[in-house]
Amino acid sequence: MHCDPRFSRVREVFERHFADGEELGAAFAVHLDGELVVDLWDGVADRHTGRPWERDTPAFAYSCTKAITAAVLLQLVERGLVDVAAPVAEVWPEFAAEGKGAVTVDHLLSHQAGLPVLEEPVPVEEFEDQPAIAARLAGQRPLWEPGSAHGYHALTYGFLVGEVVRRVTGKSVGELVSAEIAGPLGLELWMGAPDPVIERAARLTAGERPRNDRPATTSDTPAGPATSATPGTTITAVTEPAPAGPGQAGTGGEATTAGRAPNVLAEMAKAAFDPGSLMNRALGNPAINLLKGGANNPVILRAGWPAAGVVTTARGLAGFYRALIAGEILRPGTLQEALRPRVDGPDRVLVLGTSFGLGFMRPSATFVVPSPGAFGHSGAGGSIGVGDPERGLAIGYVMNRMANAVSGNLRGIRLLQAVYDSL
């Protein structure tokens, strides 16, 4: 393990999580101005066998995937192959069905398309057939007028954006990640993991099951499927306040909604415990829990869903953001435009506020970061990737003890705060 003395506070927080029994296995990595200053790992990768977490242990990071998928699409924009302002139907004619002819690629990337839910259950046999799942979405009618509102497309984001990529290039997002990003940059990052990677991947473990009588105060950040390795899509909210960042009070911005917006929080809690809510419908189909082992099943690790499919080390995830802010994946102007918030405010699916650029999360009640210049994406249960061009930071955190929330957890928030406190 490696930790620059300037970031000793980060190591202290990381080790305390294990001492307090909050972590099972985890890894945390930080680049500062291109230099790897923190590279920590500890614990066990598989609680059943006691297999230790090694330096190269990868983990399934759920919706951290979305930012990587966005980068792939934006590379096509730079090459003149995709116009984000153009209708999706220009490259995917079948998508125009059911009144979707005016839906743009921008709408897909910013969760405005009105297609957060797959209305018909996706059979297990289709889990690795992304074009088939995309065809289901092409035949659906939007739940709201596209562009008039936004709601987190937890899983459908990937099938929609992924089909645009496939129509333009003839390749999957995972294939392009390997050929254009992970391979050339030497990143431990796979969207569609090969068998040797699956064999050494960490095994996710569910945290304490949520109780319906537990009061909600504020949610963790949004991401992919709410389940970890066990059946069900129930979502709960964290009840511990997050640490304050520079210039923030409490969790900062909208995240201090407890006491300011009790009606919104009550609505969020109601949706979390309602199996038929838009929140749970968006998070629960395709239903990972139909597979033995849930997200640990090789079918999921191999599928490479572009919304929730990346298998990566913390170092690989941090390395992605290092390369991104260094201009090695996208031109600086492209990234700057992609980070401009397209939507900001109450989310039709997650209820609390979200903020999105073109596929990237921006600071909000559901993406709690210590700097207004930060961006990235979190993943169900706790994983998170962050880039901060203003501070020269690139951060990755993966773990296998899932938090009981849509995504994110206080362990990650504390580690992020410790990084910024060390600057």
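Computed from a predicted model, the values in this text were never measured in an experiment.
Ring geometry, F127 versus W305: the interplanar angle exceeds 60°, so the pair is classed perpendicular (tilted spans 30 to 60°). The aromatic rings of F360 and F375 stand perpendicular to each other, their planes meeting at an angle above 60°, with 30° marking the opposite boundary. Between F60 and Y62, the angle of the ring planes goes over 60°, which puts this pair in the perpendicular group of the 30/60° scheme. Classification of the F356-Y152 ring pair by plane angle, with boundaries at 30° and 60°, yields parallel.
Salt-bridge annotation for E12 and R16: absent, with no side-chain N of the basic residue lying under 4.0 Å from a carboxylate O of the acidic one. The pair R9-D421 does not count as a salt bridge, with every side-chain nitrogen at least 4.0 angstrom from each carboxylate oxygen. Between E337 and R331 there is no salt bridge, since no side-chain nitrogen of the basic residue lies less than 4.0 Å from a carboxylate oxygen of the acidic one. Salt-bridge check for R315 with D56: failed, with every basic side-chain N at 4.0 Å or more from each acidic carboxylate O.
Panel note: side chain R322, backbone D33; no donor-acceptor pair is recorded below 3.5 Å. A donor-acceptor pair is defined here as one N or O able to donate and one able to accept, closer than 3.5 Å; no such pair exists between the side chain of K171 and the backbone of R166. Formation of a donor-acceptor pair under 3.5 Å by the N280 side chain with backbone atoms of A271 is found in this model. Of the possible polar contacts, none joining the D347 side chain to the L352 backbone as a donor-acceptor pair under 3.5 Å is found. Using a distance-only test at 3.5 Å, with no hydrogens or angles considered, a donor-acceptor pair links the side chain of T169 to the main chain of V165. In terms of modelled atom types and a separation under 3.5 Å, the side chain of D388 and the main chain of L393 share no donor-acceptor contact. Listed for the T65 side chain is a donor-acceptor partner under 3.5 Å among the backbone atoms of G309. Side chain of E163 to backbone of L160: no donor-acceptor contact under 3.5 angstrom is found. Of the possible polar contacts, none joining the R203 side chain to the T49 backbone as a donor-acceptor pair under 3.5 Å is found. A donor-acceptor contact shorter than 3.5 Å is absent between the side chain of N400 and the backbone of A59.
Atom-to-atom distance recorded for K100:NZ and L137:CG is 8.0 Å, nearest 0.5 angstrom. The distance from the CH2 atom of W144 to the CD atom of Q112 is 9.0 Å, given to the nearest 0.5 Å. With values rounded to the nearest 0.5 angstrom, S63 atom OG is found 5.5 Å from H377 atom NE2. If you take CE on M399 and CG on L24, they are separated by 10.0 Å, rounding to the nearest 0.5 Å. Rounding to the nearest 0.5 Å places CD of E120 at 9.0 Å from CG of N285. Atoms CG and NZ, on N297 and K292 in that order, are 9.5 Å from each other to the nearest 0.5 Å.
Ring-centre distance between H111 and H150: not below the 6.0 Å cut-off.
Between G382 and N409 the shortest heavy-atom distance is CA-ND2, 3.2 Å. Shortest non-hydrogen contact noted between Y157 and A70 is OH-CB, 3.6 Å. Across every non-hydrogen atom of R6 and L32, the tightest pair is NH1-CD2, 3.9 Å. Between A71 and I329, the closest heavy-atom pair is CB-CG2, 4.2 Å. L339 and R362 make their closest contact through O-NH1, 2.7 Å (heavy atoms, listed as atom of the first residue, atom of the second, distance). Nearest heavy atom pair, residue V398 against residue T313, reads CG2-C, 4.2 Å.
With no hydrogens or angles considered, no side-chain donor-acceptor pair links T69 and K66 at under 3.5 Å. In this structure, a donor-acceptor pair under 3.5 Å is present between the side chains of T366 and S364.
Within the 4.5 Å cutoff, the side chain of R51 has no heavy atoms near those of the E54 side chain. Here the side chains of W190 and P58 are in contact, with some heavy-atom distance below 4.5 Å. Looking only at side-chain heavy atoms (C-beta outward), E126 and P123 come within less than 4.5 Å of each other. Side-chain atoms of P306 and V161, non-hydrogen and from C-beta on, never get closer than 4.5 Å to each other. By the 4.5 Å heavy-atom criterion applied to side chains, Q75 and I181 are counted as neighbours. Contact annotation: the side chain of L335 approaches that of L324 to within less than 4.5 Å [non-hydrogen atoms, C-beta and beyond]. Put simply, the side chain of T334 does not reach to within 4.5 Å of the side chain of V77, judged on heavy atoms. Contact of the V117 side chain with the L278 side chain is registered, since non-hydrogen atoms from C-beta on lie closer than 4.5 Å.
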Exercise for review: Check the pair L291, V124 against side chain to side chain contact (heavy atoms under 4.5 Å, CB included), reporting the backbone distance first and the verdict last.
Suggested key: CA-CA 8 Å; L291 297 167; V124 170; 3.5 Å; yes
Practice item. For E23 and R411, run salt bridge (charged side-chain N to carboxylate O under 4.0 Å, His left out): C-alpha distance rounded to whole Å, both residues' side-chain angles, the deciding distance at 0.1 Å, then the answer. Key: CA-CA 8 Å; E23 293 282 24; R411 288 165 278 159; 2.7 Å; yes
Check your understanding: For H17 and R414, what are the C-alpha separation, side-chain angles and deciding distance, and is it a side chain to side chain donor-acceptor pair (under 3.5 Å)?
Key -> CA-CA 10 Å; H17 289 160; R414 294 187 199 111; 3.1 Å; yes
Practice item. Applying side chain to side chain contact (heavy atoms under 4.5 Å, CB included), run through I198 and D195 and close with a yes or a no. Key: CA-CA 5 Å; I198 292 174; D195 288 344; 4.1 Å; yes
Review point. Would F367 and V369 count as a side chain to side chain contact (heavy atoms under 4.5 Å, CB included) if you check the C-alpha gap in whole Å, the side-chain angles of each, and the deciding distance to 0.1 Å?
Key: CA-CA 6 Å; F367 185 60; V369 289; 3.7 Å; yes
Practice item. Determine, stepwise, if the pair L40 / C3 fulfils side chain to side chain contact (heavy atoms under 4.5 Å, CB included). Key: CA-CA 7 Å; L40 302 173; C3 186; 4.1 Å; yes
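Surrounding CD of E78 are more than 12 heavy atoms belonging to other residues, nucleotides or ligands, all under 6.0 Å away.
Considering R281, R136, Q140 as possible partners of E119, the one that fulfils the side-chain hydrogen bond (donor to acceptor under 3.5 Å, both in side chains) test is R281.
Taking the side chain to side chain donor-acceptor pair (under 3.5 Å) definition, one finds that E128 meets it with R302, sequence neighbours left out.
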